[in-house]
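No hydrogens, no waters, no symmetry mates; every other heavy atom, side chains included, goes into these values. Protein chains get the first letters and strands the later ones, always in sequence-line order, with residue 1 at the start of each.
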Amino acid sequence: MLRSHTCGELRAEHVGDETTIIGWINAIRDHGGLRFVDLRDRYGCIQVTVSPDSLAGQSLDSLRSEQVLQVKGKVEARPDGMKNPRLDTGDVEVVAITATIIGDCPPLPFDPSGGDQVNEELRFQYRFIDMRRDEVRQRFQLRSDLQHAIRCHLHKQDFIDLETPILTKSTPEGARDFLVPSRLNPGEFYALPQSPQIFKQIFMVAGFDRYMQVVRCFRDEDLRADRQPEFTQLDIEMACVEESDVIALIEGLVVDVIRTVTGKEVATPFPSFSYADAMQRYGTDSPDLRSDLELVDVSDLVSQLGFKVFSSAIEEGGSVRAIRVPGGGAWSRKQIESLEDVVKNQGAGGLAWFKRTEDGTAGSISRFLQGEASSQLLDRVCMEVGDLCCLVADRSNKVVNGSLSFLRKELAIRLEQIEPGALEFCWVKEFPLFVEDEASGRPTPCHHPFTAPHPDDLERLEDEPLTVRALAYDLVLNGFEVAGGSIRIHQRELQERVFEAIGLNQEEAQEKFSFLLDALRYGAPPHGGIALGLDRLAMVLAGVDSIREMIAFPKTQRGTCLLTGAPGQVSGEQLSEVGLQLEESEPDESS
RNA sequence: GGGGACGUAGCUCAACUGGUUAGAGUACCGGCCUGUCGAGCCGGUUGUUGCGGGUUCGAGUCCCGUCGUCCUCGCCA
């Protein structure tokens, strides 16, 4: 070893010992003859003193931040009054006998002590420097601890960790696939997996009745703060289970690993909503329960108020819904009207509002608030004096829900309801099995085509497919979807009925999913599972608001890697080996 | 594909309604300094204002285009 100790481990008990340490120069305080050098590694930071008195005839110039320095010296107690209680190693210091720059470093492209304030572009371009920072190191330590705790927990419960292919087959539906050309089969392509869905079901047929894998997944879709084209899932599948078994397993797992990595206690069972309830009360299928604000449907009451925006929205099949803002009556007109942008961004025409005052109501729609309907409205929304009520009306319930769920988020922030460090889980269940595809008008799977229909709704599968609920469930944390799963179809006949409902005939289904359909014929047990977005969970636990912070080498919004420059061009030879030719990229002359 | 924000010294930012030689902190370089821990003191260097075009007597500032990063809608079974 080139070192005898790490920079974080020296304590008073080491005083008098000889030591050799290696670390990065965190800071230098130069007093002329005497220099203090803070040497840092993964484990901590220690003060080294370098002076002509201590150095064995060596002269040492040009020390600079982030050089890698090897110091041989003696551990000494710091003089009284010179100890640093903010450092774990602050009772001692290393007096250098020799000091050698073993990894030089030019002036830095950015100041690592600048925290997350530094331009993200630079941080990710020089990620090796960025990752030396404490905050960043701690995030990756947390992520590692999380994965370790998950594996321990599941290992103890008899789960087997199995791997699935990265080079696999493109399947229709779902997200866009990343494609990989096949040299041995010119003109044909592998796809990178969007998830190991079918493979894990095949494991169930094989009898590996408790499977887990921490696995990379790939989806070629546009990026977001919480979405990367490659991301990591904790993938789980279990045989001989019902929905409640999967839910119980995940609650136990999540509570255990969060306790292990953060020390926090999370109460179970988690609150649970049907999809319909979640949409009704929060306007979204991933409600953030850190806020207790709820939406209230007032369509039936406001249709009689004589306010045309409301009545015409309802006549056209839409709705009017409200959010009560406790204490919002104190907000200025300007503050309230700034909320309008939030709902307009989601397609709403505008924001209606009123305050309840001592002597009635005030605000944009108060002149319509008269009579019985008006007092019923105040009652239903539970308006008290000093409250504000925000309303959105639209012919599309989707717009009403969407805009109010965004408004709810904004209100929660303004009301300071979002407590730092809070972890509010909930389940959302009974998703629709299908949603209507806007282009074709055809039912298309809401989750994926192997999701089991709710047994109570089976008879409507052919005639009213859009009303059939699924045995599907999402786990939501602080408004982020962190896991999603379902009970799967394990009978080939039912699977064929579902394919039929989404417009896949037997031949097409056979062609696309023969490997699964065949497996289902050869003794498939009932099974179900879930996949948990590990980067996202880690992101919430770390208290950061970008998934990129939890990925060592993340992609930019345009899908490029700032460190490597990927994606890049390849040679003509490489292309021809895989039987590909690039289209001429000619300037667009469509004028 | 749509909407929005940003781009000024290595870094973080400033520069009013267009107006003198584009500033500050920090980093960097030089000098002083043997008990600092955000060390201190003195001095100094650093700019294609992302790029290209336009309007103007005059553009960091206004307009058009373009590139990059971020947020967001669509998209993400």
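Pairing of B:rC28, defined by two Watson-Crick or G-U wobble distances under 3.5 Å, is identified with B:rG44. Checking B:rG74 for Watson-Crick or G-U wobble geometry (two distances, each under 3.5 Å) identifies no partner in any strand. Searching all strands for a Watson-Crick or G-U wobble partner of B:rC6 with both distances below 3.5 Å returns B:rG68. Under the Watson-Crick or G-U wobble criterion, with both distances below 3.5 Å, B:rA15 has no partner in any strand shown. Using N1 to N3 plus N6-O4 or O6-N4 for Watson-Crick, or N1-O2 and O6-N3 for G-U wobble, each under 3.5 Å, B:rU36 pairs with nothing.
With distances taken from any side-chain atom of A:Leu34 to the nucleotides B:rU12, B:rG35, B:rC37, the minimum falls on B:rG35. Taking every side-chain heavy atom of A:Glu221 into account, B:rC76 is the closest of B:rC33, B:rC37, B:rC76. Across B:rU26, B:rC37, B:rG35, the shortest atom-to-atom separation from the side chain of A:Thr49 is found for B:rG35. When the nucleotides B:rC37, B:rU26, B:rU12 are ranked by their closest atom to the side chain of A:Asn84, B:rC37 comes out on top. When distances are taken from the side chain of A:Pro107 to each of B:rC11, B:rC28, B:rU36, the shortest belongs to B:rC28.
If you take CD1 of A:Ile25 and P of B:rC37, they are 19 Å apart, rounded to a whole angstrom. Taking atom CZ of residue A:Arg176 and atom C1' of nucleotide B:rG74, one finds them 11 Å apart after rounding to whole Å. Rounded to whole Å, the distance from CG on A:Asn26 to C1' on B:rU36 is 14 Å. In this structure, CG of A:Asp285 is placed 12 Å from C1' of B:rC76, rounded to the nearest angstrom. Distance CZ (A:Phe36) to C1' (B:rU36): 4 Å, rounded to an integer number of Å. In this entry the distance linking CG of A:Asp130 with P of B:rU12 reads 12 Å, nearest Å. At whole-Å resolution of the value, CG in A:Asp30 and P in B:rG31 are 11 Å apart. Rounded to whole angstrom, the span from the CZ atom of A:Phe110 across to the P atom of B:rU12 amounts to 10 Å.
Aromatic stacking is marked for A:His31 over B:rA39, as both cut-offs hold: 5.5 Å for the centres and 30° for the planes.
In summary, the side chains of A:Ser195 and A:Gln233 do not present any donor paired with an acceptor at a separation below 3.5 Å, with no hydrogens or angles considered. In summary, the side chains of A:Arg488 and A:His448 do present a donor paired with an acceptor at a separation below 3.5 Å, with no hydrogens or angles considered. A donor-acceptor contact under 3.5 angstrom links the side chains of A:Arg321 and A:Asn401, judged on distance only. A:Gln125 and A:Glu121 share no donor-acceptor pair across their side chains, judged by distance under 3.5 Å alone.
For A:Arg29, a side-chain nitrogen or oxygen approaches OP1 or OP2 of B:rA39 to under 4.0 Å. At the phosphate of B:rC11, neither OP1 nor OP2 sits under 4.0 Å from any side-chain N or O atom of A:Arg123.
Spacing of C1' atoms, B:rG19 relative to B:rA15, comes out at 13 Å, to the nearest Å. Rounded to the nearest Å, the gap between the C1' atom of B:rU49 and that of B:rC13 is 13 Å. Distance noted for atom P between B:rU21 and B:rU34: 46 Å (whole Å). Distance noted for atom P between B:rG44 and B:rU8: 26 Å (whole Å). Rounded to a whole angstrom, the distance from the P atom of B:rG10 to that of B:rC28 is 14 Å. Remark: the separation of the C1' atoms in B:rG7 and B:rU66 is 14 Å, to the nearest Å. One C1' atom belongs to B:rU46, the other to B:rA22, and the distance between them is 13 Å to the nearest Å. Comparing the same atom, C1', in B:rG23 and in B:rA9 gives a spacing of 10 Å after rounding to whole Å.
Across all strands shown, A:Gln125 has no heavy atoms under 4.0 Å from either base or sugar-phosphate atoms. Residue A:Ser195 is classed as a base contact, given a heavy-atom separation below 4.0 Å to a base.
Interatomic distance, A:Gln228 CD to A:Thr556 OG1, rounded to the nearest 0.5 Å: 8.5 Å.
A donor and an acceptor atom sit less than 3.5 Å apart, one in the side chain of A:Arg78 and one in the base of B:rC37. In this model, a side-chain donor or acceptor of A:Arg227 finds a partner on the base of B:rC76 within 3.5 Å.
Shown here for A:Arg78 and A:Lys83, the closest heavy-atom pair between the two residues is O-NZ, 3.1 Å.
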Its contact letters, B for base, S for sugar-phosphate only and - for none at protein heavy atoms under 4.0 Å, make nucleotides 68-73 of chain B read SSBBBB
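Nearest-nucleotide assignment on RNA chain B puts the 5′-proximal partner with A:Gly32, out of A:Pro445 and A:Gly32. For the pair A:Gln47 and A:Leu122, nearest-nucleotide mapping onto RNA chain B gives the more 5' position to A:Leu122.
Counting non-hydrogen atoms of other residues, nucleotides and ligands closer than 6.0 Å to CZ of A:Arg442 gives a total of 12 or fewer. Within a 6.0 Å sphere centred on CG of A:Asp545, other residues, nucleotides and ligands contribute 12 heavy atoms or fewer.
For A:Lys200 and A:Phe203, the positive end is not near the middle of the six-membered ring at less than 6.0 Å and at most 45° from its axis.
Counting heavy atoms from C-beta outward, A:Leu192 and A:Asp177 have side chains that stay 4.5 Å or more apart.
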